[in-house]
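Atoms within a ligand are numbered from 1 in the order they appear, just like the ligands themselves. What's counted below: heavy atoms across the whole structure, side chains too, no hydrogens, waters or symmetry copies.
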Amino acid sequence: MSEYRKDPVLNQWVLIAPEKTIPYQSIKEQIVSDNIPEFEEKCPFCTFDGKDTKILLKYNFRDQSKWDLLVIPAPNPYLKVEAELKKEGEGIYDLISGTGANEIIIESPIHNQFTHKMDLNRIEQIFWAYHDRIVDLKRDLRLEYLLFFKEFGITAENTLIHPHSKMIATTVIPEHIERELLGAEDYYSYKDRCVFCDIVKQEIKEGVRVISSNSDFVSICPYASRFPFEIWILPQKHISHFEMSSKIMFYRLADIYLDTFKRLNKVLGNVPYHMVLHNSPLQEEALEFYHWHIEVYPILNCYSAPQSGGGIFVNPVKPEDAAKALREADYQP
Ligand SMILES: [Zn+2]
Ligand SMILES: [Zn+2]
Ligand SMILES: [Zn+2]
């Protein structure tokens, strides 16, 4: 039986329709091969020599002579820090200059070290890199938001498989975040509680949509999942800003993140996915009503017109079924 479910943050209806079939054939075609080599001579990250590139951040946590993680400016940035911030009107239209930044976080020197194959320390360092970039860029008061994301798998916008994530620093708040902020503020205004704290509490109590948890985090398939196997990872205690998280939280985040990706790999193989870090706006003080979290969307069905043009998300996999499959996945730790 299909049913509409309402997302309590976005106030958006999602149609959970198990009758709809997933195009499994296209999934198989998209899955990244297990036979990707450790080194690929055509890959710009494998052969990165640092010449002509400004290195924004470099970690060597194993061998001092080699890099382990790098943050570099994107080779063809569409936003530039040097650009003067201009806001103007063009008749009925508003225009803001493309001030900002595009950066790439090269997560590993090893070409085929996908997330589920990384060790805990590397994942923790990736999150520390996000933290360090936020702390650095926060000083530029023109910047309103840093969106960290990952596009894994061969899709039109991403032909590089080498482990990396990206960041765009913007002078506007991304629309989806703005909607989450408004929805969360609205919820707070009449319940006096953070909606994400309430989600965490209810999900842990019910358990049916929980994938796994540790003392600081829980990973779930959200009630109104827009995509099959959509995953959210949330801190259990209220915290608005990712960069305000404690040292132990980064360790436990790495722990649940690795656990979740090992489960995802066990169930769906090297499925292409998008990951985004949803954080509070850069220049805001601690917020009572918003709670940072990570969202992951495996790319399992094509973007349909009802979704792109009508805003109707049709998800053929019940979040409870997805969570059960992931929770029960028997992976090698
Ligand atoms: Zn590579
Ligand atoms: Zn909260
Ligand atoms: Zn979110």
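Side-chain contact of Asp132 with Tyr59: a donor-acceptor pair under 3.5 Å is present, judged by distance alone. For the residue pair Lys150 / Thr115, a side-chain donor-acceptor distance below 3.5 Å is found, with atom types taken as modelled. No hydrogens or angles considered: nothing links the side chains of Asp68 and Asn60 as a donor-acceptor pair under 3.5 Å. Between the side chains of Ser165 and Tyr130, at least one donor N or O lies within less than 3.5 Å of an accepting N or O. A donor atom on one side chain and an acceptor atom on the other are not found under 3.5 Å apart for Asn279 and Tyr290.
Under the 30°/60° scheme for interplanar angles, the aromatic rings of Phe289 and Tyr188 are found to be tilted. Ring geometry for His162 versus Phe45: interplanar angle over 60°, hence perpendicular rather than tilted (30 to 60°). Ring orientation note: the planes of Tyr273 and Phe261 are tilted relative to one another, at an angle of 30° to 60°. Between His278 and His293, the angle of the ring planes goes over 60°, which puts this pair in the perpendicular group of the 30/60° scheme.
When distances from the Zn ion (ligand 3) to the N, O or S atoms of Glu180 are compared, OE2 comes out shortest. With respect to the Zn ion (ligand 3), Glu295 has OE2 as its nearest N, O or S atom. Here the N, O or S atom of His278 that is nearest to the Zn ion (ligand 3) is ND1.
Distance check for His176 against the Zn ion (ligand 3): none of its N/O/S atoms falls below 2.8 Å.
Under a 3.5 Å cut-off, the side chain of Glu40 and the backbone N or O of Cys46 do not form any donor-acceptor pair.
Atoms of the protein (N, O or S only) found under 2.8 Å from the Zn ion (ligand 1) are Cys43 SG, Cys46 SG, His111 ND1, His162 ND1. Inside a sphere of radius 2.8 Å centred on the Zn ion (ligand 2), the protein N/O/S atoms present are Cys194 SG, Cys197 SG, His238 ND1, His291 ND1.
Looking at Asp119 and Arg122, no side-chain N of the basic residue comes within less than 4.0 Å of a carboxylate O on the acidic one, giving no salt bridge.
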